[in-house]
Amino acid sequence: MMMVNKTKAWKKLAEHYKHIKNVEMRDLFDADDNRAAKFTLKLDNLIFDYSKNRITERTIKHLLRLAQDTGVPEKIQAMFRGDKINFTENRAVLHTALRNRINTPVLVDGKNVMPEINAVLAKMKKFSEAVRLGKFTGHTGKKLTNIVNIGIGGSDLGPVMAVEALRKYWAKGMNCYFISNIDGTACAEVLNKIDPETTLFIVSSKTFTTIETLTNARTCRKWLVDALGEPAVAKHFIAISTNKKEVEKFGINPENMFEFWDFVGGRYSMWSAIGMSIALVTGMNNFEKMLDGAFSVDKHFRETDLEHNIPVMMALLGIWYNNFFNIKRYAVIPYDQYLQYFPAYLQQLDMESNGKFVDADGKVVTYSTGPVLFGGAGTNVQHSFFQLIHQGTDIVPCDFIIPAISHNEIGNHHEILIANVLAQGEALMRGKTEKEAAAELAKAGKSKDEIKLLKRYKSFTGNRPSNTFLVKKVDAYTLGQLVALYEHKVFVQGIIWNINSYDQMGVELGKQLALNILPELSNNATGIRHDCSTSQLIETIKKMRK
Ligand code: F6P
């Protein structure tokens, strides 16, 4: 297949970029009162305003052509149909089947996977309700009120993000903790807070071979057995995995295992039983509402033409900046404290999916793929990295997320929050000329010399892009929608870049090397050749640890 940067659509965009790069967004807004309406899409109560981007209708036309020519519409159908689009692992990509709320058959190798999915959902419902009602108790008969999810990457980031996002829906008296890092501190700090008699550990691992998760799980198991004895394990440990054999080997009763399948990628797995902590703490009804929200986006993504398709537009705007403006980063800033872990979750989703340099034809790509993503909750980040976003030499396109209604409407907190997010988008778009800065300084009573000195520092180039996602309130449904929008955005970009967004071979090298180094640290094994820096560090660490 021809590399995308050699296609006609790409070349047209490159040509068009030469024109757009000097166009000011403030002029586009001043010239067209209808611009916001023109560049806004809506899905239920979710509004996606992408008018503050360096685009015109012509840009959109060219971007849509790129999506058409790279086969985005057909590939969308292929994913939902269960084609093996994860071609390096020969797997279907069917996290969408987990939230297929109308239960239409979804075939993998000719077999409808919906009955199995529904059976696990039913098992999750039964189990989570039994725990919440105190019918499934701990070994000593006490209610299980401390939920501890042990997992890493996709087996942690989705659940922790969602559990925190839905904190307002937590059952009274229930607490939830997450152990992911192999750093013993992660385990120690959680175990210090909980009581074995009231704790349920969820060992979440797709493969059940991940060293961090299994080491943490063994430590927690020993802690529990030391306190309550071996028979307690059956009442205090459950497993979520695709690997039944390893779960049994670990010593968890298969009855306490909740299965998922290899057509669900780790970073796409919060919709499976990997989301058990969400169901336990917020209730299965909220977990199902999250699935409903994601399903509404799936339907929209599958059935809406490219131009009105929110994930497609998100993806195309990302490509516009990444590949034509040469901007290889973007920030996601939710103005909602409960969404504080959303950027961390998206980092894995986007960067593990699209951080690839070899295309589907085995060739090294000659264009950039996945950007660097960072972010944090507003307004906090306004007081950390926003200086660079406003006046740095590098442009950072931003996604702002804001709920119209807060879960905690206290005084005028939420109005101040909203005013801030809207002000950021406006300031980034409009900027402030030196003339405007000078006028402001004069109005503030500054002297001529002061104005001369300060006006340059107080001016902003503006013309910096942002998207605004406005939702009514961050509930489980909306959360499901937001996550699914980004999942599909990442998918569309992967299609256009012609890469496999569903493997993660790059993570393997570090894992392999760590396994080589481990014996050298724990005993005196030698003989492995390292670079001299690594060898020196190993020796020094060994001396320090003696
Ligand atoms: O970081 C690599 C990775 O394979 C992720 O893709 C995955 O989410 C994580 O490790 C955890 O894997 P598992 O769920 O198999 O323990």
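Of all the heavy atoms in Lys328 and Asn326, the pair that sits closest is NZ-OD1, 2.7 Å. The two residues Ile319 and Gln493 come nearest to each other via the heavy atoms N-NE2, 3.8 Å. Gln481 approaches Gly293 most closely through the heavy-atom pair CG-O, 3.2 Å. Contact between Val483 and Met161 at its shortest, heavy atoms only, is CG2-CE, 3.7 Å. Of all non-hydrogen atoms in Lys458 and Gln391, the two that sit nearest each other are C-NE2, 4.5 Å. Nearest heavy atom pair, residue Pro343 against residue Pro334, reads CG-CD, 3.9 Å.
Salt bridge annotation for Asp298-Arg101: absent, with no cationic side-chain nitrogen under 4.0 angstrom from a carboxylate oxygen. For the pair Asp30 and Arg430, the salt-bridge criterion is met [side-chain N within less than 4.0 Å of a carboxylate O]. Using a cutoff of 4.0 Å between basic side-chain nitrogens and carboxylate oxygens, Lys38 and Glu57 are scored as salt-bridged. Salt bridge absent: Lys432 and Glu436 never bring a charged side-chain N and a carboxylate O closer than 4.0 Å. A salt bridge links Glu164 to Arg167: at least one charged side-chain nitrogen sits closer than 4.0 Å to a carboxylate oxygen.
Without hydrogens or angle criteria, Asp359 side chain to Val364 main chain gives no donor-acceptor distance under 3.5 Å. Lys11 places no side-chain N or O within 3.5 Å of a backbone atom of Asn5 that could act as its donor or acceptor partner. In this structure a side-chain-to-backbone donor-acceptor pair under 3.5 Å is missing from His390 to Phe460. The backbone N or O of Thr282 sits less than 3.5 Å from a side-chain atom of Asn286, completing a donor-acceptor pair. Counting only distance, with no hydrogens or angles, the side chain of Thr70 and the backbone of Ala67 share a donor-acceptor pair below 3.5 Å. A distance-only check finds no donor-acceptor pair linking the side chain of Gln424 to the backbone of Val421 [under 3.5 Å]. Checked by atom type and distance alone, the side chain of Tyr367 pairs as donor or acceptor with a backbone atom of Trp497 at under 3.5 Å. Under the 3.5 Å distance criterion, the side-chain polar atoms of Thr210 are left unmatched by any main-chain donor or acceptor of Glu212. Side chain of Thr369 to main chain of Asn354: a donor-acceptor pair is present (N/O by atom type, distance under 3.5 Å, no hydrogens or angles). For the pair Thr379 (side chain) and Gln382 (backbone), a donor-acceptor distance under 3.5 Å is absent.
Annotation: the span from Ile451 atom CD1 to Lys446 atom NZ amounts to 9.5 Å, rounded to 0.5 Å. Summarising the geometry, atom CD belonging to Glu303 is positioned 10.5 Å from atom CG belonging to Asn309; distances are rounded to the nearest 0.5 Å.
Judged by a 6.0 Å distance limit and a 45° cone about the ring axis, Arg99 is not positioned over the six-membered ring of Phe295. A cation-pi contact links Lys489 to Tyr330, judged by a cut-off of 6.0 Å to the six-membered ring centre and 45° from its axis.
Counted by atom type alone, Asn216 and Thr219 present zero donor-acceptor pairs between their side chains at under 3.5 Å. Side chains of Asn408 and Ser406: a donor-acceptor N/O pair is absent below 3.5 angstrom, by distance only. For Asp183 and Thr185, the side-chain atoms include at least one donor-acceptor pair closer than 3.5 Å. Between the side chains of Thr56 and Thr59, at least one donor-acceptor pair of N or O atoms lies under 3.5 Å.
The number of heavy-atom neighbours closer than 6.0 Å to NZ of Lys472, taken from other residues, nucleotides and ligands shown, is 12 or below. Crowding of Arg65 atom CZ: a count of heavy atoms from other residues, nucleotides or ligands under 6.0 Å not exceeding 12. Around the NZ atom of Lys61, the shell of radius 6.0 Å holds no more than 12 heavy atoms that belong to other residues, nucleotides or ligands. Residue Asp33 places its CG atom among 12 or fewer non-hydrogen atoms of other residues, nucleotides or ligands, all under 6.0 Å distant. More than 12 heavy atoms of other residues, nucleotides or ligands shown are found within 6.0 angstrom of NZ on Lys75. No more than 12 heavy atoms of other residues, nucleotides or ligands shown are found within 6.0 angstrom of CD1 on Ile211. Within a 6.0 Å radius of CD in Glu426, other residues, nucleotides and ligands contribute 12 heavy atoms or fewer.
Among the candidates Val471, Thr478, Leu470, the single residue satisfying the side-chain contact (heavy atoms from CB on, under 4.5 Å) test with Pro403 is Val471. Shown are Trp271, Phe491, Tyr268, Phe260; of these, the ring-ring contact (aromatic ring centres under 6.0 Å, His included) with His95 is made only by Tyr268. Phe39 pairs with exactly one of Leu317, Ile60, Asn53 by the side-chain contact (heavy atoms from CB on, under 4.5 Å) rule, that one being Ile60.
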Candidate pair Asp49 and Asn467, rule side chain to side chain donor-acceptor pair (under 3.5 Å), full reasoning: CA-CA 6 Å; Asp49 178 343; Asn467 294 314; over 6 Å; no

Quick one: do Asn149 and Ile179 satisfy side-chain contact (heavy atoms from CB on, under 4.5 Å)? Show the steps, please. CA-CA 6 Å; Asn149 185 77; Ile179 300 177; over 6 Å; no

side-chain contact (heavy atoms from CB on, under 4.5 Å) between Phe342 and Leu482, intermediate numbers included: CA-CA 10 Å; Phe342 195 52; Leu482 284 170; 4.1 Å; yes

Assess whether side-chain contact (heavy atoms from CB on, under 4.5 Å) is satisfied between Phe301 and Met79, documenting all intermediate values. CA-CA 11 Å; Phe301 184 51; Met79 173 174 72; 4.1 Å; yes

Give the intermediate values and the outcome of side-chain contact (heavy atoms from CB on, under 4.5 Å) for residues Met314 and Phe469. CA-CA 11 Å; Met314 288 164 72; Phe469 294 87; 3.6 Å; yes

Quick one: do Asn463 and Thr461 satisfy side chain to side chain donor-acceptor pair (under 3.5 Å)? Show the steps, please. CA-CA 6 Å; Asn463 219 14; Thr461 57; over 6 Å; no

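Gln68 places a side-chain heavy atom less than 4.5 Å from the side chain of Pro73. The shortest distance between side-chain heavy atoms of Leu280 and Ile202 falls below 4.5 Å. Inter-residue side-chain proximity for Asn412 and Glu415 is flagged as met; some heavy-atom pair is nearer than 4.5 Å. Within the 4.5 Å cutoff, the side chain of Pro397 has no heavy atoms near those of the Ser466 side chain. The side-chain heavy atoms of Thr433 and Ser459, taken from C-beta on, include no pair separated by under 4.5 Å. In this structure the side chain of Thr213 never reaches within 4.5 angstrom of the side chain of Ser155, judged on heavy atoms. The side-chain heavy atoms of Asn323 and Ser368, taken from C-beta on, include a pair separated by under 4.5 Å. Between Val365 and Val4 there is no side-chain heavy-atom pair separated by less than 4.5 Å.
Here the two rings, on Trp320 and His16, have centers that are under 6.0 Å apart. In summary, the aromatic rings of Tyr345 and Tyr486 are positioned with their centroids too far apart to meet the 6.0 Å limit. With ring centers used as reference points, His407 lies under 6.0 Å from Tyr169. Aromatic rings of Tyr321 and Phe325 (six-membered ring for Trp) have centroids within the 6.0 Å cut-off, being under it.
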